[in-house]
Number of protein chains: 2
Amino acid sequence: MNARDTFKQLPHKTIERLSQYRRALLICLDNNKDHIFSHEIAKIQHITPVQVRRDLMLIGYSGTLRKGYNIKELIDLIADIIDSEEGIKVAIVGMGNLGRALINYFSGKRHKLSIAAGFDVNPDKIGKTVNGIPCYDCKTMSQVIQEQNIEIGIITVPDTQSTAIAKKLVESGIKGILNYTPKPVEVPDGVYLEEYDMITTLEKVAFYVKMENERTVDVAVKRQGQGTAASNF
Amino acid sequence: MNARDTFKQLPHKTIERLSQYRRALLICLDNNKDHIFSHEIAKIQHITPVQVRRDLMLIGYSGTLRKGYNIKELIDLIADIIDSEEGIKVAIVGMGNLGRALINYFSGKRHKLSIAAGFDVNPDKIGKTVNGIPCYDCKTMSQVIQEQNIEIGIITVPDTQSTAIAKKLVESGIKGILNYTPKPVEVPDGVYLEEYDMITTLEKVAFYVKMENERTVDVAVKRQGQGTAASNF
DNA sequence: TAGTAATTGTTAATTTAATAACAGTGCAAA
DNA sequence: TTTGCACTGTTATTAAATTAACAATTACTA
Ligand SMILES: NC(=O)c1ccc[n+]([C@@H]2O[C@H](COP(=O)([O-])OP(=O)(O)OC[C@H]3O[C@@H](n4cnc5c(N)ncnc54)[C@H](O)[C@@H]3O)[C@@H](O)[C@H]2O)c1
Ligand SMILES: NC(=O)c1ccc[n+]([C@@H]2O[C@H](COP(=O)([O-])OP(=O)(O)OC[C@H]3O[C@@H](n4cnc5c(N)ncnc54)[C@H](O)[C@@H]3O)[C@@H](O)[C@H]2O)c1
């Protein structure tokens with residue numbers, strides 16, 4: 001089995017972490033650091049050093065004893081694994097608050113991953129550009145996607161429209177969808193789908209905050225209880 | 001062990017899914033549906049019906065055979081588990097593109113989770129409101145957070161500032177942080193931290209699109225190979 | 001009324017992910 | 001030189017999450 005095949009079987013979580021490692025490594029590179037230890041990466045990512053070393057083992061990268069990992073080499077290797085050589089083009093459907101914010105955010109962040117087009121139905125937006133990215137009429141979606149060979153679509157339309165937009169993206173030949181609306185969509189086999197709802201994340205944080213609050217109260221009550229019991233002796 | 005204690009030990013993934021189930025159930029309720037089967041929920045969430053039933057078992061909810069789960073009851077039970085009775089207040093630090101988009105998005109979505117304040121350093125933004133939420137000067141952060149009993153902070157400042165803001169939030173007594181900048185932050189024990197970088201998600205989608213592309217090529221090559229081999233017979 | 005199909009609830013098995021354990025190595029200081 | 005320390009790399013173990021298996025129940029149908 002060659003290297004490329006090995007990469008195919010990397011755990012999903014490892015893929016996510018590789019992207020995060022690279023993000024951190026790029027910052028370190030900017031700070032003129034040339035080597036980094038597993039425990040340094042781990043600290044940044046809030047994980048264990050073993051986890052880092054294990055991930056790097058899985059991608060077949062070896063560091064130098066007592067010097068750690070060569071940042072530049074590691075960045076390049078991660079790029080070999082997760083980036084596509086020819087680059088991948090992305091479209092954003094729904095040039096509202098979130099869509100425009102995303103364009104600004106992504107612009108120029110990664111060479112191999114570029115936003116090539118935006119789509120909307122609002123005549124005021126069609127024909128304009130946001131950060132250099134043209135906004136096309138949704139009606140021309142299939143054409144633009146096929147002509148420009150766009151492979152990923154990000155959905156940021158009102159949630160009532162997400163189902164229809166996902167369908168249209170699939171029909172246009174898109175291979176991956178990232179849906180930021182709170183309404184889950186459906187895609188056929190062969191199209192990779194990722195959905196993310198910020199409210200879920202916020203509710204998760206809220207849940208653990210609530211738990212921590214209750215725990216603190218419990219401990220206080222227990223302490224008081226013990227105190228009372230002790231004073232009875 | 002009482003019910004509340006059971007909930008504390010729910011798997012993290014189950015907590016996430018409960019939030020997602022509720023989101024889906026609320027939509028169903030709007031459509032005047034009163035019962036729902038595990039496989040219906042599963043379809044929406046792209047998971048298996050068993051997973052749904054297992055989660056519901058963990059929270060101790062029973063459906064009716066052949067009728068499924070009572071949507072209203074289930075929504076209420078999920079609220080009991082993940083919502084905090086008194087409600088939790090949230091602050092957004094950094095009223096830029098993303099911060100403002102988030103305020104618009106969250107507003108009025110969940111009663112028990114309300115954005116109470118925004119913070120910024122830009123004098124043009126301080127004193128204004130976004131969707132009814134006042135934007136305060138960052139200098140008054142501790143005071144505002146303590147006075148209003150805000151427990152969660154969402155960080156949407158430029159990434160160069162995220163470390164400083166996280167520190168300040170913690171000092172102000174915040175209990176949970178949701179960091180949307182690509183620069184990971186550090187928090188002490190007792191503060192719950194969640195970080196999310198949209199680029200990681202996009203890169204993950206790109207990776208699996210790339211894999212699918214290569215697989216398709218491989219299959220084609222293999223087919224051709226077989227074809228050639230066959231024609232040799 | 002007996003049989004069948006559809007559904008829940010629960011335990012068991014499997015898979016995936018994370019952690020622990022530890023051998024190996026090179027450098028530095030004694 | 002030798003000893004110990006601070007790392008890496010890998011295998012073994014444990015834990016978490018998912019999936020499978022299946023009994024139990026109900027409603028419908030023949
Ligand atoms: N704003 C946020 O921070 C945020 C966060 C998470 C999720 N979301 C979700 O993202 C989506 C967009 O949010 P937003 O705040 O940008 O809303 P928005 O109203 O500002 O933007 C929606 C855009 O989609 C366009 N649109 C409407 N129907 C369309 C169609 N059929 N095809 C193409 N374009 C269409 C509109 O013209 C508008 O430009 C919503 O589903 C929202 O729930 C937003
Ligand atoms: N725009 C997006 O879609 C997007 C997506 C993911 C992540 N992000 C991240 O979110 C952050 C904000 O992105 P944005 O597009 O909203 O940027 P932005 O420049 O529009 O907004 C940043 C805001 O933070 C304020 N600010 C600067 N320093 C501050 C400080 N010390 N305290 C308080 N406020 C301060 C600025 O005045 C500005 O209002 C960035 O870190 C970006 O990487 C943005």
Side-chain angles (χ1 to χ4, degrees), chain A residues 1 3 6-21 25 28 33-71 73-74 77-78 195 200 204 207-208 211, chain B residues 1 3 6-21 25 28 33-71 73-74 77-78 193-195 200 204 207-208 211:
Chain A
M1 195 159 66
T6 314
F7 298 157
K8 285 187 191 174
Q9 297 180 10
L10 290 171
H12 284 222
K13 294 281 186 167
T14 296
I15 296 298
E16 276 177 26
R17 283 190 298 263
L18 288 176
S19 165
Q20 292 165 352
Y21 296 161
L25 292 168
C28 294
K33 229 167 124 67
D34 60 347
H35 282 77
I36 193 167
F37 294 123
S38 60
H39 64 259
E40 294 176 296
I41 300 178
K43 181 104 184 286
I44 298 170
Q45 304 296 148
H46 315 299
I47 56 178
T48 64
V50 190
Q51 180 82 80
V52 174
R53 294 204 297 275
R54 206 171 190 297
D55 284 334
L56 298 189
M57 183 195 81
L58 291 176
I59 65 173
Y61 185 67
S62 288
T64 320
L65 215 51
R66 316 241 356 156
K67 262 177 97 181
Y69 304 94
N70 181 297
I71 293 178
E73 275 177 23
L74 188 46
L77 176 56
I78 293 176
E195 315 213 49
T200 292
K204 193 178 173 191
F207 174 80
Y208 287 107
M211 286 297 112
Chain B
M1 195 160 67
T6 315
F7 298 156
K8 286 187 188 170
Q9 296 180 10
L10 291 171
H12 285 221
K13 294 279 187 168
T14 296
I15 297 298
E16 275 176 27
R17 283 190 298 264
L18 288 177
S19 165
Q20 291 166 352
Y21 296 161
L25 292 169
C28 294
K33 231 167 121 68
D34 60 348
H35 282 77
I36 193 167
F37 294 122
S38 60
H39 64 259
E40 293 177 296
I41 300 179
K43 181 106 186 283
I44 299 170
Q45 303 297 147
H46 315 298
I47 55 179
T48 64
V50 189
Q51 180 81 83
V52 174
R53 294 203 297 275
R54 208 173 189 297
D55 284 334
L56 299 189
M57 184 194 80
L58 291 176
I59 64 173
Y61 185 68
S62 288
T64 319
L65 214 54
R66 314 249 351 163
K67 260 177 101 182
Y69 304 94
N70 181 298
I71 293 179
E73 276 177 22
L74 189 45
L77 176 57
I78 293 176
L193 172 68
E194 194 79 29
E195 314 213 48
T200 292
K204 194 178 172 190
F207 175 81
Y208 287 107
M211 285 298 114

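Note: hydrogens, waters and symmetry copies are ignored here, and every other heavy atom, side chains too, is used.
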Practice task
Ignoring the backbone of B/R66, work out which of D/dT8, D/dT18, D/dA27 is nearest its side chain.
Solution key: D/dA27

Practice task
Using the closest heavy atom to pick a nucleotide of DNA chain C for each, name whichever of B/G68 or A/L10 lands nearer the 5' end.
Solution key: B/G68

Problem - Residues within residues 44-57 of chain B bordering DNA chain D, heavy-atom distance below 4.0 Å - result: B/T48, B/V50, B/Q51, B/R54

Practice task
Can you tell me the distance, in whole Å, between the CZ atom of B/R17 and the P atom of D/dA16?
Solution key: 15 Å

Practice task
Whole angstrom is fine here: how far is it from CD1 in A/I41 over to P in D/dC7?
Solution key: 13 Å

Exercise for the section: Please check if the side chain of B/E40 supplies one atom and the backbone of B/F37 the other of a donor-acceptor pair under 3.5 Å. Expected result: yes

Fill in the blank from the handout: First and last nt of DNA chain C near chain B, cut-off under 4.0 Å to heavy atoms, 5' to 3', are C/dA5 to C/dA12

Practice task
Could you tell me whether B/S62 contacts a base, only the sugar-phosphate backbone, or nothing, with contacts defined as non-hydrogen atoms closer than 4.0 Å?
Solution key: sugar-phosphate

Practice task
Look at all strands and tell whether B/S38 reaches a base, only sugar-phosphate, or nothing, counting heavy atoms closer than 4.0 Å.
Solution key: sugar-phosphate

Handout entry: Side-chain touch A/Y208/B/I15, heavy atoms, less than 4.5 angstrom
Key = yes

Problem - Atom NZ of B/K43: over 12 foreign heavy atoms under 6.0 Å - result: no

Fill in the blank from the handout: Taken to the nearest whole Å, NE2/A/H39 to P/D/dT8 is 7 Å

Handout entry: OG1-CD distance between B/T14 and B/Q20, expressed to the nearest 0.5 angstrom
Key = 11.0 Å

Exercise for the section: Starting from C1' on D/dT8, measure out to CG on A/L65 and report it in whole angstrom. Expected result: 5 Å

Exercise for the section: Compare all side-chain heavy atoms of B/Y61 with those of B/N70 and state whether any distance is below 4.5 angstrom. Expected result: yes

Practice task
For the residue pair A/Y21 and A/L74, establish whether any side-chain heavy-atom pair is separated by less than 4.5 Å.
Solution key: no

Practice task
Please assess B/K204 against B/T200 for the test side-chain contact (heavy atoms from CB on, under 4.5 Å), listing each intermediate value before the final yes or no.
Solution key: CA-CA 6 Å; B/K204 194 178 172 190; B/T200 292; 5.6 Å; no

Handout entry: Reference residue B/Y69; test side-chain contact (heavy atoms from CB on, under 4.5 Å); the match among B/L56, B/D34, B/L25
Key = B/L56

Practice task
Applying side-chain contact (heavy atoms from CB on, under 4.5 Å), run through A/Q45 and A/R17 and close with a yes or a no.
Solution key: CA-CA 9 Å; A/Q45 304 296 148; A/R17 283 190 298 263; over 6 Å; no

Handout entry: Distance, rounded to the nearest Å, where B/Q9 contributes CD and D/dA16 contributes P
Key = 11 Å

